[in-house]
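To find a chain, count down the sequence lines: A is the first, B the second, and so on, and within it residues start at 1. None of the values given here were measured: they were computed from a predicted structure.
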Amino acid sequence: MCGGRQIEQRQAVIIIVEPMTTVRTRFAPSPTGYLHIGGVRTALFNWLFARRHGGQFLLRIDDTDAQRNVAEALRPILDGFRWLGLDWDEGPEVDGPYAPYYQSQRGARYRAAADQLVATGAAYRDYATTEEIQAERETAQREKRRFLYSRRWMAETDAQAAAFEAEGRQASVRLQMPREGVCAFHDLVRGDVEFEWALEQDHVVQRADGTCLYHLASTVDDHDFAITHVIRAVEHLSNTPRQIFIATALGYPLPAYAHLPYVAAPGSAEKLSKRKLGTYLKHHEFKKAYDHGAGIAEAQGLSITPVSFSPVVVDFYREVGYEPDALVNYLLLLGWSLDDRTETFTREEMIEHFSLERVNRSAASFDLQKLLAFQERRMQALSVEARVARVLPFLERAGLVDAPSTGDQQARTRRVVEAAGDRIKVAGDILGYPEFFQSDDEVAYDQKAFDKRVRKAGVEPLLRRFRDRLGATEPFDADTLDRAMHAFVEAEGIAIGQVIHAVRVSVTGKAVGFGLFEGLAILGRDACVARIDRALGRLAD
RNA sequence: GUCCCCAUCGUCCAGAGGCCCAGGAUAUGGCCCUUUCAAGGCUAAGACACGGGUUCGAAUCCCGUUGGGGACGCCA
C-alpha cells in the first residue's frame with residue numbers, strides 16, 4: 001500500500017501516512033573499559049524507542065580523546081550490550097552505510113565542519129592562550145560577574161591572523177555565540193525549554209592542533225548518521241543550545257531531543273558514580289546486596305576491588321548470575337512506567353508500550369534490593385533445565401565440578417537445583433551449596449553451628465544411633481528418610497529438633513539449608529554415614 | 001557564584017481538578033506455615049516539603065519559600 005493514498009470506505013476516509021523518515025537513535029559510549037549502569041538505562045531507552053518505531057539503533061564510539069587501546073577498552077562495553085540483548089544495527093563490528101562509527105576516524109569530517117563554521121562567520125579563529133583565558137575568567141570571578149570572553153584575540157581578518165601568528169600564537173576555533181535572544185526548543189521529556197544565548201560561552205570546537213572537540217563531533221555525527229532522536233541523559237540538556245547553534249550554522253535539520261533524568265545513587269539524589277562505591281556501602285541495604293554478590297565473585301576466584309567489581313558496572317550482574325532480562329526490566333521501570341501496576345515486561349511488551357511521554361522528569365535512585373526482587377521473580381519463572389544451565393558455569397568456574405561438567409555432575413546439579421528451589425535467586429547462589437559437590441573430608445564446618453548443634457550434651461549417642469539407622473534405610477530417598485527420622489525420634493522419645501539440626505550440621509557443615517531429607521538423599525548413604533562419623537570424630541578432639 | 005531542573009510512603013512508580021481521609025511494587029514489623037534457611041499466606045505501619053493564591057472543589061493549575069540535584073572545560 002502506497003504512502004499517503006486515500007482509501008475510500010463507507011463512512012470514513014482513512015489516510016495512510018507513512019512516516020517521513022525512519023527513526024534512528026544512537027548511544028555513544030566512550031571506551032572506558034566498563035559499562036555504567038546509568039549508561040545502560042540511557043541506551044535501553046534509545047534502543048526501545050528505535051525498536052518501538054521500527055527504526056535503527058546505533059552505537060557510535062566517542063573516542064575523540066582516547067589515547068588508550070580502544071579495542072580493548074571497548075570489548076567489555078560491547079560484551080555488556082550483547083549480554084543484555086541490546087543489539088545495534090550499525091556501529092562497531094557490524095559497520096553500516098555510514099561507517100566509520102569511531103570518532104577517531106572521522107576527524108576530516110569535523111575539520112571540514114570547523115572550516116565551514118569559520119567561513120560562514122559562525123565561528124572564528126582565536127589566538128588566546130589558555131593562560132589568557134584563565135586570567136579573564138578569574139577577573140570576572142573576582143568582579144562577581146559572569147565570564148564572557150572578550151574576544152580580544154579573535155582574528156576577524158586574515159591580516160589579523162597573520163599578525164597573531166607572527167607573535168608565535170596558534171589558532172583554535174571558537175563558536176561566535178549570539179549575545180542576545182534565547183534558544184528555545186522542545187524536549188520530548190521535559191517540554192519546552194529556553195536558554196539565554198548570552199549565557200553561552202564562545203566554546204572551543206577545534207584545538208590548535210586541528211583536533212575537534214566533542215560537541216562539534218557529536219553534532220556532525222548525529223547529522224551524518226541521520227539521527228532523528230537524540231535521547232540522552234539530562235546533564236546534556238545545557239549543552240543543547242551550543243549543539244543547536246552548530247547544527248543550525250551548518251545548515252543541518254535539528255533532531256528531536258529527549259533528556260532523561262539521571263540515575264541517582266542508592267538512598268540519595270546524587271548522580272550515581274562509579275567512584276563512590278565506598279559511600280554507597282554505608283547504606284545497610286545496599287551493602288547487604290553487594291556482599292551477597294561479592295561472596296559469589298569470591299567463590300569464583302574473581303578479584304573484587306571496588307574498581308573492578310561494582311554494582312555500578314554491568315559486569316557485576318553477569319558475574320553474580322543475574323538474568324539480563326531482570327536487569328533490563330528493572331532499569332526500564334527506573335524512570336518509566338506503563339501504569340500503576342504492570343511490573344513485568346517481556347522484551348516484546350516493552351517495545352510495544354514504550355514511549356518517551358511516560359518518562360519521568362525526576363532522578364530515580366538505584367535500589368539493588370528491588371532489582372534482586374525482580375531477579376527472584378525471573379528465576380522462579382525459569383524451568384529447572386534453564387536454571388541448571390545457568391548454574392553450571394558457576395560451578396565450573398568455582399572448580400566444584402569439572403569443566404566441562406560430566407553427566408553425573410549435571411544430574412547431581414539438577415537435584416540440588418530442584419531441592420534448593422527458590423533459594424537460588426541468582427545463578428551464583430549455587431555456590432552456597434558446595435557441600436553437595438565436595439568430597440566428605442572437604443566439607444567445612446561452621447564452627448558456631450557445630451558447637452551449638454553437635455557439641456551438645458546428649459547429642460553424640462543420638463547421632464550414633466541415627467547413623468546406624470541410616471544403614472538400614474531403604475530405599476535411600478527423601479520420603480523414606482523422613483519416615484525413618486520420625487520413627488527414630490518416636491522411639492527415642494525426643495523432639496525432632498534435638499537430632500535433626502545435629503544431623504544437618506554433621507552432613508552439610510551448616511546450620512541452614514534446604515530440606516534435610518532431600519539433601520541426605522542427594523548425597524547418598526555412604527557420604528551421609530562418612531560425614532556423621534567425621535563429625536563424631538571431631539567431637540573427640 | 002551564575003544558569004537550569006526536580007519535589008507523592010525509606011526506595012521505585014500510579015495519579016494529567018472531584019473516582020484519593022491517595023493505589024501498586026519493594027523494603028520493614030507482627031502472625032501463620034515450618035527441622036533450619038528461603039518461599040508462601042494473612043496483617044500492620046508508612047507519603048502528597050511548606051506557605052499563599054485560583055476554584056464550589058487541588059496531590060493535580062499559578063506564585064513564592066525551603067530542600068535536593070545538574071550544568072557551567074582547548075573532558076566526553
Side-chain angles (χ1 to χ4, degrees), chain A residues 28-32 62-66 103 126 128-130 133-134 137 140-141 144-147 170 172-174 190 193-196 198-201 203-209 211-215 217-218 233-240 259 261-262 264 266-271 283-286 288 330 333-344 358 360-374 376-377 380 420-425 429 432 449 453 482 485-486 489 495-505 508 510-517:
Chain A
S30 9
T32 52
D62 275 10
D63 57 350
T64 45
D65 200 42
Q103 293 197 318
D126 182 59
T129 63
T130 320
I133 293 291
Q134 189 54 31
R137 189 172 272 132
Q141 206 161 26
K144 293 203 191 310
R145 54 180 173 78
R146 65 173 170 250
F147 165 68
Q170 289 187 304
S172 56
V173 174
R174 280 180 188 277
R190 329 201 57 95
V193 191
E194 271 189 17
F195 287 92
E196 270 182 66
L199 262 18
E200 290 293 318
Q201 297 299 327
H203 307 282
V204 173
V205 292
Q206 184 177 29
R207 298 184 183 94
D209 68 2
T211 58
C212 294
L213 276 342
Y214 171 75
H215 292 290
S218 185
V234 71
E235 43 263 51
H236 285 287
L237 184 61
S238 54
N239 297 328
T240 308
H259 287 92
Y262 56 90
S268 133
E270 255 171 70
K271 196 162 76 170
H283 283 87
H284 177 69
E285 310 283 277
F286 183 83
K288 226 169 85 184
Y330 171 73
L333 263 18
L334 208 55
W336 180 87
S337 64
L338 175 63
D339 53 32
D340 64 340
R341 53 202 66 232
T342 315
E343 295 242 302
T344 308
R358 288 196 64 85
N360 254 217
R361 270 170 293 278
S362 51
S365 73
F366 186 74
D367 183 349
L368 204 44
Q369 293 252 320
K370 185 147 184 176
L371 205 200
L372 227 200
F374 274 80
E376 281 181 53
R377 263 181 264 160
Q380 283 174 16
D422 51 34
R423 289 169 187 80
I424 295 178
K425 301 179 195 312
D429 280 333
R453 299 300 195 183
D482 195 340
M485 170 67 88
H486 281 92
V489 299
I496 197 167
Q498 287 179 261
V499 67
I500 197 166
H501 300 299
V503 173
R504 180 187 294 281
V505 175
T508 68
K510 292 183 292 217
V512 299
F514 51 77
L516 177 65
F517 306 116

Could you give the distance separating B/C9 and B/G1 at their P atoms, to the nearest angstrom?
-> 28 Å

What nucleotide, of B/A14, B/A27, B/A25, holds the atom closest to the side chain of A/R377?
-> B/A25

Pairing partner (Watson-Crick or G-U wobble, both distances under 3.5 angstrom) of B/C21 = none

Return the nucleotide paired to B/U26: Watson-Crick means purine N1 to pyrimidine N3 with N6-O4 or O6-N4, wobble means G-U with N1-O2 and O6-N3, both under 3.5 Å.
-> B/G10

When we call it a touch if two heavy atoms are under 4.0 Å apart, what does A/A269 touch: a base, just sugar-phosphate, or nothing?
-> sugar-phosphate

Taking every heavy atom of A/D422 against every heavy atom of A/Q380, the minimum-distance pair comes out as CB-NE2, 3.7 Å

Check A/V173, A/T64, A/V204 against A/L213 for a side-chain contact (heavy atoms from CB on, under 4.5 Å) and give me the one that passes.
-> A/V204

Just name whichever nucleotide pairs with B/U35, Watson-Crick or G-U, keeping both distances under 3.5 Å, else none.
-> none

Identify whether any heavy atom of A/D422 sits under 4.0 Å from a base atom; if not, whether one sits that close to sugar-phosphate; answer base, sugar-phosphate or nothing.
-> base

Mind telling me whether A/H236 and A/Y214 have parallel, tilted or perpendicular rings, with 30° and 60° as the class edges?
-> tilted

Between A/V204 and A/F195, who's closer to the 5' end of RNA chain B by nearest nucleotide?
-> A/F195

What's the CD-P distance between A/E343 and B/G23, to the nearest Å?
-> 16 Å

Considering only B/C74, B/A39, B/C6, which nucleotide approaches the side chain of A/R207 most closely?
-> B/C74

Among the nucleotides B/G23, B/A71, B/C6, whichever has the atom closest to the side chain of A/R341 is B/G23

Rounded to whole angstrom units, what separation is found between the CD atom of A/Q369 and the P atom of B/A38?
-> 13 Å

Considering only heavy side-chain atoms of A/K370, the closest of B/A25, B/A71, B/U36 is B/A25

Side-chain donor-acceptor pair under 3.5 Å between A/H283 and A/S268, yes or no?
-> no

What interatomic distance, in whole Å, is found between P of B/A49 and the corresponding atom of B/A59?
-> 10 Å

In whole Å, what is the span from the NZ atom of A/K288 to the P atom of B/A27?
-> 9 Å

Which nucleotide, B/C4, B/A76, B/U36, lies nearest any side-chain atom of A/H236?
-> B/A76

Roughly how many Å is it from NZ in A/K271 to C1' in B/G68, rounded to a whole number?
-> 15 Å

By the Watson-Crick or G-U definition, both distances under 3.5 Å, B/A49 is matched with B/U65

Looking only at atom C1', what distance separates B/G10 and B/G46, rounded to whole Å?
-> 9 Å

Is the distance from OP1 or OP2 of B/G73 to the nearest side-chain N or O of A/R174 less than 4.0 Å?
-> no

Taking only N and O in the side chain of A/S238, is any of them less than 4.0 Å away from OP1 or OP2 of B/C3?
-> no

Same-atom distance (P) from B/C37 to B/C32, integer angstrom = 14 Å

Considering only B/G24, B/G10, B/A76, which nucleotide approaches the side chain of A/D367 most closely?
-> B/G10

So A/Y330 and A/F366, would you call those rings parallel, tilted or perpendicular, with 30° and 60° as cut-offs?
-> perpendicular

Integer angstrom distance from the C1' of B/U34 to that of B/G18 = 49 Å

NA contact type, A/A128, heavy-atom cut-off 4.0 Å: base, sugar-phosphate, or nothing?
-> base

List the atom of A/Q201, the atom of A/F147, and the distance in Å for their closest heavy-atom pair.
-> NE2-O, 2.6 Å

Could you tell me the separation between the CG atom of A/D340 and the C1' atom of B/A59, rounded to a whole number of Å?
-> 15 Å

When the C1' atoms of B/U8 and B/C20 are considered, how many whole Å apart are they?
-> 12 Å

Which part of the nucleic acid does A/G513 contact within heavy-atom distance under 4.0 Å: base, sugar-phosphate only, or nothing?
-> base

Is A/H203 touching bases, backbone alone, or none of the nucleic acid, heavy atoms closer than 4.0 Å?
-> nothing

Which of B/A7, B/C37, B/U35 is nearest the side chain of A/S362? It is B/A7

Which atom pair, heavy atoms only, marks the closest approach of A/R361 to A/R190?
-> O-NH2, 3.4 Å

B/U11 to B/C48 separation - P atoms, rounded to the nearest Å | 12 Å

Selection from B/U35, B/U2, B/A27 that lies nearest to any side-chain heavy atom of A/R146 = B/U2

Over how many whole Å does the gap from A/R190 atom CZ to B/A7 atom P extend?
-> 9 Å

Reckon A/G267 touches a base, only the sugar-phosphate, or nothing at all at heavy-atom distances under 4.0 Å?
-> nothing

Name the nucleic acid region contacted by A/R137, choosing base, sugar-phosphate or nothing; use a 4.0 angstrom heavy-atom cut-off, strictly under.
-> sugar-phosphate

Starting at atom CD of A/E194, determine the distance to atom P of B/C5, rounded to an integer number of angstrom.
-> 10 Å

What is the nucleic acid contact for A/S365, judged by heavy atoms within less than 4.0 Å: base, sugar-phosphate only, or nothing?
-> sugar-phosphate

Nearest to the side chain of A/L213, which nucleotide is it out of B/G73, B/C75, B/U35?
-> B/C75

Is B/G1 paired to anything, Watson-Crick or G-U wobble with both distances less than 3.5 Å, and if yes, which nucleotide?
-> B/C72

Is it the case that more than 12 heavy atoms not belonging to A/Q134 sit under 6.0 Å from its CD atom?
-> yes

Could you say whether A/K425 or A/E235 is positioned toward the 5' end of RNA chain B, judged by the nucleotide with the nearest heavy atom to each?
-> A/K425

Looking at A/R504, A/H501, A/Q498, which one forms a side-chain contact (heavy atoms from CB on, under 4.5 Å) with A/R453?
-> A/H501

In whole angstrom, give me the gap between the C1' atoms of B/U26 and B/G17.
-> 31 Å

Can you find a donor-acceptor pair, distance only, under 3.5 Å between A/R423 side chain and B/C37 base?
-> yes

A/F517 CZ to B/U34 P: how many Å, rounded?
-> 14 Å

Have a look at A/F514 and say if it touches a base, only the backbone sugar-phosphate, or nothing, with a 4.0 Å heavy-atom cut-off.
-> base

Considering only B/C12, B/A14, B/U36, which nucleotide approaches the side chain of A/N360 most closely?
-> B/A14

